[in-house]
Amino acid sequence: MQRTRVRDILSGDQGGHALLKGWVRTRRDSKDFSFLELNDGSCLGNVQVLVDHTPELLPLLERLNTGAACAVEGEVVASPAAGQKWEVRASALTVFGEADPETYPLQKKRHSDEFLRTIAHLRPRTNKYGAMLRVRSEMALAVHSFLHGRGFAHIHAPILTGSDCEGAGEMFRVSNLEPSTAAAMTPAEREAAEFFGRPASLTVSGQLEAEMLALALGDVYTFGPTFRAENSNTPKHAAEFWMVEPEMAFADLKDDMDLAEELVCSLVRHALDHCVVDLALFGNFVDKTLMATLTGILDQPFVRLPHAEAIRVLQASGRSFEFPVHKGSDLQTEHERFLCEEHFKRPVIVFDYPKEIKAFYMRLNDDGATVAAMDLLVPRIGELVGGSQREERLDVLEARMAEAGLPAEPYWWYLDSRRYGSAPHAGFGLGFERLLMLVTGIANIRDVIPFPRTPRNLEF
RNA sequence: UCCCCGGUAGCUCAAUCGGCAGAGCGGGUGGCUGUUAACCACUAGGUUCGCGGUUCAAGUCCGUGCCGGGGAGCCA
């Protein structure tokens, strides 16, 4: 007999014989019978199972404490008591794995996020983390379905990279050499001995490779893990995170901003449409303002303002910031928060940044002072998306690299794309975990990744 | 990496001025009830994060290390 998922029992409209398999959330004993709350991860809800204390069932029931895995076979019937529409009257039980109540760390009561991080292998069995993981899966699907619907090709950028100057972020070095062996070698010996014959790292972005593919396939995107070795200890940084990076040929900055806004709105709408029950949990127990925030995002277009205009808004605010703003200065966290949380009270896209504070590959505007870059800022989280129109003019790109002090040689293939059939193109990176923080209201990035990697944390 | 706060029972936390180590929840035992964060009674449970110091006496004060949280920087 095939098992029925709890989700299908709870959403069904008729009873019948069923086989359920899952984990016991709690057991309530009466004199002659007990109630089991069974959860199988298919949805937030549990099925209430009524188990009579018969000679066959009682010995098995006694082994089913909170956390135990079991199978329940029985009749699905309308529940006579309030609290649930359906319940299952058990006719047979199978115990797969017991959970010693003396040592099983998950209790029926609420646990702190900090404690649950120390048992990341068990926390998916809690309501909150089960809900988060279902939403995470649903959001990944929504990313693919939105971009697929727009005609984007899903491409796979390499995770191992040889260019150790891709961008600003510190990179994780990758080597197959024993550290002690490598330490005894001269740099030349070591280079020859390295697996790739040169230094290798984990990628900090698939953008440069995505550009090459966009200049062949038109519209592409990567969606994969990304690595930063920055010693960042904050609620919104992780050493390993997932990033969605669309790249469009024949597109400018406006197209880029349009796509970012439409993608974010599409993902939020998908969550509201497909994760109703799980989002309700977050709205009730994690962030009371969640639903208002999410529907607010869909209400009206995002604010778009040039960086220079953002500076003027900040200067005119009358606020005394810890870091005073002036023409050409970067936006600090306090400025970003003021703009989207207090002044506009909604997502804000800031664009046309001074070229000095942005990366070399961003397209130089006609004013010669700014580049066609954009950051999408959202309340509470800050930068959700960072992108730009790319510099497609070979001479300008080479000049910008020289200004930045970058050697041209390792970028020979990147520059080739501007040498042969270059075309205007644009793209951005969207932090997938930050999106999940936005959608769930969860405040710490460590709680939207099943097994987070942060400085000094590589357990599990 | 810098600044601030914290680390006491399985979990969440109290402990006055430096003076006997406490509660709720969870666990165990018994009872009760179509229960549902079940309820009632009883009960067990401690290297007070580690190391060093001050003191008659340290959970409490000092130094240091580790871990966690918040803020900042960097960014997705």
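Below, chains carry the letters A, B, ... as their sequence lines are ordered, and counting in each starts from 1.
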Using a heavy-atom cut-off of 4.0 Å across all strands, would you classify [X] as base, sugar-phosphate, or nothing?
X: A:Val244; value: nothing
X: A:Glu114; value: sugar-phosphate
X: A:Arg89; value: base
X: A:Pro105; value: nothing
X: A:Lys108; value: sugar-phosphate
X: A:Phe35; value: base
X: A:Leu50; value: base
X: A:Gln107; value: base

Side-chain N or O of A:Arg228 less than 4.0 angstrom from OP1 or OP2 on B:C75?
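No.
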State whether A:Gln332 places a side-chain N or O below 4.0 Å from either non-bridging phosphate oxygen (OP1 or OP2) of B:A72.
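No, because none of the side-chain N or O atoms of A:Gln332 sits under 4.0 Å from OP1 or OP2 of B:A72.
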Whom does [N] pair with, Watson-Crick or G-U wobble, provided both distances fall under 3.5 Å?
N: B:C20; answer: none
N: B:A72; answer: B:U1
N: B:A9; answer: none
N: B:U64; answer: B:G50

Among A:Arg434, A:Arg228, A:Glu230, the one residue meeting side chain to side chain contact (heavy atoms under 4.5 Å, CB included) with A:His237:
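Checked A:Arg434, A:Arg228, A:Glu230 against A:His237; only one passes side chain to side chain contact (heavy atoms under 4.5 Å, CB included): A:Arg434.
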Partner of A:Phe282 by side chain to side chain contact (heavy atoms under 4.5 Å, CB included), out of A:Asp287, A:Leu294, A:Val135
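One option only clears the test, and that one is A:Val135.
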A:Thr26 vs A:Tyr104, nearer the 5' end of RNA chain B by closest nucleotide:
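The answer here is A:Tyr104.
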Which residue lies toward the 5' end of RNA chain B, A:Arg117 or A:Asp29, if each is placed at its nearest nucleotide?
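Taking each residue's closest nucleotide, the earlier one in sequence belongs to A:Asp29.
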Nearest listed nucleotide, side chain of [X], among [options]:
X: A:His237; options: B:C75, B:U35, B:C11; result: B:C75
X: A:Thr333; options: B:G34, B:A72, B:G27; result: B:A72
X: A:Ser232; options: B:C67, B:C25, B:C74; result: B:C74
X: A:Arg434; options: B:U35, B:C11, B:C75; result: B:C75
X: A:Asn233; options: B:U33, B:C67, B:U1; result: B:U1
X: A:Gln84; options: B:C67, B:G34, B:U1; result: B:G34
X: A:Ser79; options: B:G34, B:U33, B:C75; result: B:G34
X: A:Asn444; options: B:G69, B:G27, B:C11; result: B:G69
X: A:Glu230; options: B:C74, B:G27, B:C67; result: B:C74

Separation of [X] atom [atom1] from [N] atom [atom2], in whole Å?
X: A:Glu336; N: B:A72; atom1: CD; atom2: C1'; value: 13 Å
X: A:His53; N: B:U35; atom1: NE2; atom2: P; value: 15 Å
X: A:Lys236; N: B:G69; atom1: NZ; atom2: C1'; value: 17 Å

Which residue, A:Arg25, A:Arg125, A:Arg5, A:Arg3, forms the salt bridge (charged side-chain N to carboxylate O under 4.0 Å, His left out) with A:Asp40?
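Exactly one pass, corresponding to A:Arg3.
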Output yes if the stacking criterion (under 5.5 Å between centres, under 30° between planes) is met for A:Phe241 over the base of B:A76, else no.
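Base of B:A76: stacked against A:Phe241.
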Could you give the distance separating [M] and [N] at their [atom1] atoms, to the nearest angstrom?
N: B:G10; M: B:A44; atom1: C1'; answer: 13 Å
N: B:G24; M: B:A37; atom1: C1'; answer: 14 Å
N: B:U8; M: B:C51; atom1: P; answer: 16 Å
N: B:A41; M: B:C62; atom1: C1'; answer: 48 Å
N: B:G26; M: B:C61; atom1: P; answer: 33 Å
N: B:U54; M: B:G71; atom1: P; answer: 40 Å
N: B:U47; M: B:G59; atom1: C1'; answer: 13 Å
N: B:G34; M: B:C39; atom1: C1'; answer: 14 Å

Got a salt bridge between [X] and [Y], using NZ or NE/NH1/NH2 to carboxylate O under 4.0 Å?
X: A:Glu262; Y: A:Arg150; answer: yes
X: A:Arg363; Y: A:Asp256; answer: no
X: A:Arg63; Y: A:Glu98; answer: yes

For B:U35, does the base pair up with any side-chain atom of A:Ser30 as donor and acceptor (N or O, under 3.5 Å, distance only)?
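In this structure, the two groups form no donor-acceptor pair.
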Can you find an N or O donor on one side and an acceptor on the other, under 3.5 Å apart, linking the side chain of A:Glu87 with the base of B:G34?
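Answer yes: a donor N or O sits under 3.5 Å from an acceptor.
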Taking the ring of A:Phe432 and the ring of A:Phe223, is the distance between their centroids below 6.0 Å?
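Ring centroids of A:Phe223 and A:Phe432 are less than 6.0 Å from each other.
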is_close_aromatic(A:Phe338, A:Phe321), centroid dist under 6.0 Å:
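Centroid separation for A:Phe338 and A:Phe321: below 6.0 Å.
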